[in-house]
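What follows is one structure encoded as structure tokens, with my remarks underneath.
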Amino acid sequence: MATIDPDSPVPKYFQLREILLDLIESNELSIGAAIPSERELCQRFGLSRMTVRQAVDALVSEGRLHRVAGKGTFVARPKIEMALRLTSFSDDMRARGMEPGSRDLDRRVVRASAHLARELGIQPGEAVHFIERLRTADGEPLCIERAHIPVSFAPDLESFDLSGRSLYALLESRHGVVLDAGELTIDGGIADPGDADLLKMPRGGAVLLLQRRSFSGGVCVEFGVSTYRADRYQLRTVLEIPARRG
């Protein structure tokens, strides 16, 4: 068992955070397991309750631990790294060894507003499929997808059941629409009450709001707005240093 070094320049709360994090990552504290109580941690490491609470609070804020009122603090499920590439939710979840699922919330044809027409590069008033789905992985709700696709690209799209099915795969197999490029904007936000209930998260909880435009041969064929649970997703990307000019 690691110990706290009182002579280290590293703050004691941070040393304890590292010890607990190592126990989690080595699976000595498995997912769903309760961590020792604050009193136990104080006694085991010779720390004040304030220092222990600061370390635990840090791991809770990072999503590595979660508190249950009246029960204790438990190891949280690891967050899913969001794929910053053009891929379907279904393919992404299967690549992670998870079973994707979906539930239709709304399916209808609407007339493009001026804003939607600009995003899709079509004329206002043109017919557009609106598809709203709750997406799950291994039965757990993770996001709500709201997709807009011009009817001209997929005239009979409303006749197909999308339960547990990739929309992108259907567009390719049925309509020959192969998505080959995209633009993605990510914002942070607060879930509205309806979305929070569907996602089984606290009202007022944090979400990631993704706005996506997907292209095929330089033509925009989808404008999507998705709401992801921020407690279950994290973003990771590669940072590159621009080449210096000689």
Query raised in the report: Any chain of hydrophobic side-chain contacts (each under 4.5 Å) joining V75 to L59?
Result: yes
Query - Residue pair G189 / L209: nearest heavy atoms and the distance that separates them - result: CA-CD1, 4.2 Å
Query - Check: L65 and F74 side chains under 4.5 Å, non-hydrogen atoms - result: no
Query - Donor-acceptor under 3.5 Å (D138 side chain, E99 main chain) - result: yes
Query - Cluster check V151, L171: I/L/V/M/F/W/Y, side chain < 4.5 angstrom - result: no
Query - R53/E38 under salt bridge (charged side-chain N to carboxylate O under 4.0 Å, His left out): CA gap, chis, key distance, verdict - result: CA-CA 7 Å; R53 186 165 297 170; E38 287 185 1; 2.8 Å; yes
Report task. Group every Ile, Leu, Val, Met, Phe, Trp and Tyr by side-chain heavy-atom contacts under 4.5 Å, then state whether L105 and M201 land in the same group. Result -> yes
Query raised in the report: Hey, what do you get for OG (S173) to CZ (F160), rounding to the nearest 0.5 Å?
Result: 7.5 Å
Query raised in the report: Is there a salt bridge (charged side-chain N to carboxylate O under 4.0 Å, His left out) between R203 and D197 once you walk through the steps?
Result: CA-CA 7 Å; R203 293 192 176 192; D197 291 346; 2.6 Å; yes
Query raised in the report: Short question: side chain of R213, backbone of E119 - any donor-acceptor pair under 3.5 Å?
Result: yes
Requested in this report: Compute whether any side-chain donor of one residue and acceptor of the other, for E40 and S37, lie under 3.5 angstrom apart.
Outcome: yes
Requested in this report: Give the C-alpha distance, both sets of side-chain angles, the deciding distance and a yes or no for salt bridge (charged side-chain N to carboxylate O under 4.0 Å, His left out) between D195 and R229.
Outcome: CA-CA 10 Å; D195 284 358; R229 288 174 52 173; over 6 Å; no
Query raised in the report: Do S26 side-chain atoms and D22 backbone N/O form a donor-acceptor pair below 3.5 Å?
Result: yes
Query - CA sep, side-chain torsions, deciding dist, call: F14, E18, side chain to side chain contact (heavy atoms under 4.5 Å, CB included) - result: CA-CA 6 Å; F14 197 85; E18 294 293 290; 3.7 Å; yes
Report task. Look at the side-chain heavy atoms of Ile, Leu, Val, Met, Phe, Trp and Tyr, link any pair under 4.5 Å apart, and say whether V60 and L20 land in one connected group. Result -> yes
Query - Between CZ on residue F153 and NE2 on residue H129, distance to nearest 0.5 Å - result: 11.0 Å
Query raised in the report: From R103 CZ over to L198 CG, what is the distance, rounded to the nearest 0.5 angstrom?
Result: 6.0 Å
Report summary line: Between the CG atom in L29 and the CZ atom in R64, the distance rounded to the nearest 0.5 Å is 11.5 Å
Query - Distance-minimising heavy-atom pair for Q15 and S8 - result: NE2-CB, 3.7 Å
Query raised in the report: If every non-hydrogen atom of L134 is compared with every non-hydrogen atom of P141, which pair is closest and at what distance?
Result: CD1-CB, 4.1 Å
Query raised in the report: Honestly curious: do L157 and L179 fall in one hydrophobic cluster under the side-chain, below-4.5 Å linking rule?
Result: yes
**Report entry** Closest non-hydrogen atom pair, G101 against R135
**Finding:** O-NE, 3.2 Å
Query - Side chain proximity check, Y13 to M50, heavy atoms < 4.5 angstrom - result: no
Query raised in the report: Side chains of E132 and I144: closer than 4.5 Å at any heavy-atom pair?
Result: yes
Query raised in the report: From R108 CZ over to E158 CD, what is the distance, rounded to the nearest 0.5 angstrom?
Result: 13.5 Å
Query raised in the report: Are any side-chain N or O atoms of S216 and backbone N or O atoms of V219, one a donor and one an acceptor, separated by less than 3.5 Å?
Result: no
Query raised in the report: I35 and L23: side chain to side chain contact (heavy atoms under 4.5 Å, CB included), yes or no, with the steps?
Result: CA-CA 10 Å; I35 68 168; L23 293 174; over 6 Å; no
Query raised in the report: Is I4 close to I19 at the side-chain level, that is, under 4.5 Å between some pair of heavy atoms?
Result: yes
Report task. Look at the rings of F223 and H115 and say which category their plane angle falls in: under 30° parallel, 30 to 60° tilted, over 60° perpendicular. Result -> perpendicular
**Report entry** For the student: nearest non-hydrogen atoms of L199 and L142, plus distance
**Finding:** CD2-C, 3.7 Å
Query - Side-chain donor-acceptor pair present, D156, H175, cut-off under 3.5 Å - result: yes
**Report entry** Lys/Arg N to Asp/Glu carboxylate O, D57 vs R17, below 4.0 Å
**Finding:** no
Requested in this report: Give the intermediate values and the outcome of side chain to side chain contact (heavy atoms under 4.5 Å, CB included) for residues L208 and D187.
Outcome: CA-CA 6 Å; L208 295 173; D187 288 308; over 6 Å; no
Report task. Please examine the side chains of R146 and F130, heavy atoms only from C-beta on, and report whether any two atoms are closer than 4.5 Å. Result -> yes
Query raised in the report: Do the side chains of E140 and K200 get nearer than 4.5 Å, heavy atoms only?
Result: no
**Report entry** Where S226 and R212 come nearest, the two heavy atoms and their spacing
**Finding:** OG-NH1, 4.0 Å
Requested in this report: Quick one: pull up CD1 in I31 and CD1 in I24 and give me the separation to the nearest 0.5 Å.
Outcome: 10.0 Å
**Report entry** L210 vs V225, side chain to side chain contact (heavy atoms under 4.5 Å, CB included): CA-CA, chis, key distance, verdict
**Finding:** CA-CA 6 Å; L210 277 65; V225 180; over 6 Å; no
Query raised in the report: With distance as the sole test, does H66 use its side chain to make a donor-acceptor pair with the main-chain N or O of T73 at under 3.5 Å?
Result: no
Report summary line: From the list L167, V177, V128, L120, side chain to side chain contact (heavy atoms under 4.5 Å, CB included) partner of I149 resolves to L167
Report task. Consider only side-chain N and O atoms of S214 and E222, and report whether a donor and an acceptor are under 3.5 Å apart. Result -> yes
Query raised in the report: So, does D5 use its side chain to make a donor-acceptor pair with the main chain of D7 at under 3.5 Å?
Result: yes
